[in-house]
Amino acid sequence: MVGPSRPQFVLFGSSIVQLCFSHGGWGSILSDIYSRKADILLRGYYGWNSRRAIQVLDQVFPKDAPVQPSLVIVYFGGNDSMGPHSSGLGPHVPLNEYIENMRKIAIHLKSLSDTTRIIFMSCPPVDEARVNSGTSGIFSELVRTNELCQKYSNGCVKLCQELGVKVVDLFSAFQKRDGWAKACFTDGIHLSAEGSKIVVEEILKVLKEAEWAPSLHWKSMPTEFSEDSPYDLVAADGKRTLNPSEWTFHREVQWD
C-alpha cells in the first residue's frame, strides 16, 4: 500500500465492471475525476452472476480488513437476466433468487463499517437487434431481451428502495438518450464511451445528492498535496506560481 492513504472506491460486478477501463469506460473516467482524492479499485469478473458473487463476498470484502472501502458500486444482473439454457447450465438466475442474492450483497457490505457507502446499478437495456444478429459458434442459445432486463432492473431498484440503498436505474437512464441502442454499446451489451458517460453522470448525481458525512462527491473531497508551491509553473506576470492541483481543463466533459 502506497501512501498517503486515500478513501477507497471499489467497483464490484460482472463484465460491465471488468471492462470499465476499456473503450473510454466509466471506471477510467471516475479514476480521472477522483485523481488525488480517492483510489478506484476494480473487482470485475466477466460472465459472473449474483450466485458467484455471493460465494466470494468474504474474500473480496473481508469483515476483518484493517481498511474498509468508503464506497462500493455494485453491478450484477445482465447475466442473471439471460434466458435459461435447456441444459440447466449457464448464468441465468431466477428473478426471486437474484433479488435475494443482491440483498445478501447489500447486507454484507453494510456490515463492513458505519462509513461504507453503497450504490447498486440496475440492469441496463440491450440492443436486441445487434445481440440477435450476432451468431457465434462459441455460445449457444443466448437469450437477452429488454423485457427480461427490465424485470431484473425493476427488481433491483425495488430492493434498494426497501433497504435504503442508493441505486442507479440504468435501464431508464440509457433510454433517455436519443439513439441509445446504437450509441451506448460496443456489441449491443457492453458499454461504449457514450454509454459510460451516462453511467458516470448518474453515479455523480447520486454522490452529489446523498446526505453522507463526509460527502463522497469529488468537489467536496480534499485534494492530496494541494498546497501552493514555489516549484509550480510561473504565472505570466512572473511574480507568482499557479497551483495546478484542481485543474480540470484536460477533461472532455467538465463533470458536475
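Side chains are part of it too, since the values below use all heavy atoms of this structure and drop only hydrogens, waters and symmetry mates.
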Original post:
Under the side chain to side chain contact (heavy atoms under 4.5 Å, CB included) criterion, do Glu162 and Leu159 qualify, and how do the steps go?
Top reply: CA-CA 5 Å; Glu162 175 190 335; Leu159 173 68; 4.3 Å; yes
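In summary, Glu209 and Lys166 do not engage in a salt bridge, as defined by a charged side-chain N under 4.0 Å from a carboxylate O. Lys219 and Asp256 are joined by a salt bridge, as a carboxylate oxygen and a charged side-chain nitrogen come within less than 4.0 angstrom of each other.
Panel note: side chain His92, backbone Met82; a donor-acceptor pair is recorded below 3.5 Å. Checking side-chain atoms of Asn49 against main-chain N and O of Pro91 turns up a donor-acceptor pair under 3.5 Å. For Ser81 (side chain) and Gly78 (main-chain N/O), a donor-acceptor pair under 3.5 Å exists by modelled atom type. Side chain of Tyr98 to main chain of Phe76: a donor-acceptor pair is present (N/O by atom type, distance under 3.5 Å, no hydrogens or angles). Under a 3.5 Å cut-off, the side chain of Gln68 and the backbone N or O of Pro62 do form a donor-acceptor pair. For the pair Tyr152 (side chain) and Leu95 (backbone), a donor-acceptor distance under 3.5 Å is present. A donor-acceptor contact shorter than 3.5 Å links the side chain of Thr116 to the backbone of Pro69. For Gln8 (side chain) and Leu41 (main-chain N/O), no donor-acceptor pair under 3.5 Å exists by modelled atom type. Judged by distance alone, the side chain of Arg117 and the main-chain N or O of Leu216 form no donor-acceptor pair under 3.5 Å.
A pairwise comparison of heavy atoms in Pro7 and Lys37 identifies CD-O, 3.3 Å as the closest pair. Considering all non-hydrogen atoms of both residues, Ser153 and Phe171 come closest at OG-CB, 3.3 Å.
Taking hydrophobic clusters as Ile, Leu, Val, Met, Phe, Trp and Tyr residues chained together by side-chain heavy-atom distances below 4.5 Å, Val165 does not share a cluster with Ile107.
Judged purely by distance below 3.5 Å, without hydrogens or angles, the side chains of Glu128 and Thr145 never pair a donor atom with an acceptor atom. Side chains of Asp228 and Asn243: a donor-acceptor N/O pair is present below 3.5 angstrom, by distance only. Under 3.5 Å, the side chains of His85 and Ser87 contain a donor-acceptor pair of N or O atoms. Under 3.5 Å, the side chains of Glu246 and Ser226 contain no donor-acceptor pair of N or O atoms.
The environment of Lys158 atom NZ is sparse: at most 12 non-hydrogen atoms of other residues, nucleotides or ligands sit within 6.0 angstrom.
A side chain to side chain contact (heavy atoms under 4.5 Å, CB included) with Met121 is found for exactly one of Leu11, Val168, Val167, namely Val168.
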Side-chain polar contacts of residues 178-191 - donor-acceptor pairs under 3.5 angstrom, sequence neighbours left out - could you list them?
from: Thr186; atom 1: OG1; to: His190; atom 2: O; distance (Å): 3.4
from: Asp187; atom 1: OD1; to: Ile189; atom 2: N; distance (Å): 2.9
from: Asp187; atom 1: OD1; to: His190; atom 2: N; distance (Å): 2.7
from: Asp187; atom 1: OD2; to: His190; atom 2: ND1; distance (Å): 2.8
from: His190; atom 1: NE2; to: Ser15; atom 2: OG; distance (Å): 2.8

Review item, side-chain donor-acceptor pairs of residues 17-29, under 3.5 Å, at least two apart:
from: Gln18; atom 1: OE1; to: Tyr46; atom 2: N; distance (Å): 2.6
from: Trp26; atom 1: NE1; to: Ile16; atom 2: O; distance (Å): 3.1
from: Ser28; atom 1: OG; to: Gly25; atom 2: N; distance (Å): 3.4
from: Ser28; atom 1: OG; to: Gly25; atom 2: O; distance (Å): 2.6

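Remark: Arg52 engages no residue in a side chain to side chain donor-acceptor pair (under 3.5 Å) (not counting sequence neighbours). Every residue meeting the side chain to side chain donor-acceptor pair (under 3.5 Å) condition with Glu252, not counting sequence neighbours, appears here in chain and number order: Lys197. Applying the salt bridge (charged side-chain N to carboxylate O under 4.0 Å, His left out) criterion to Glu147, with sequence neighbours excluded, gives Lys151. Remark: Lys63 pairs with no residue by the salt bridge (charged side-chain N to carboxylate O under 4.0 Å, His left out) rule, at least two apart or across chains.
Ring pair Phe249/Trp247 is tilted by interplanar angle, where 30° to 60° counts as tilted.
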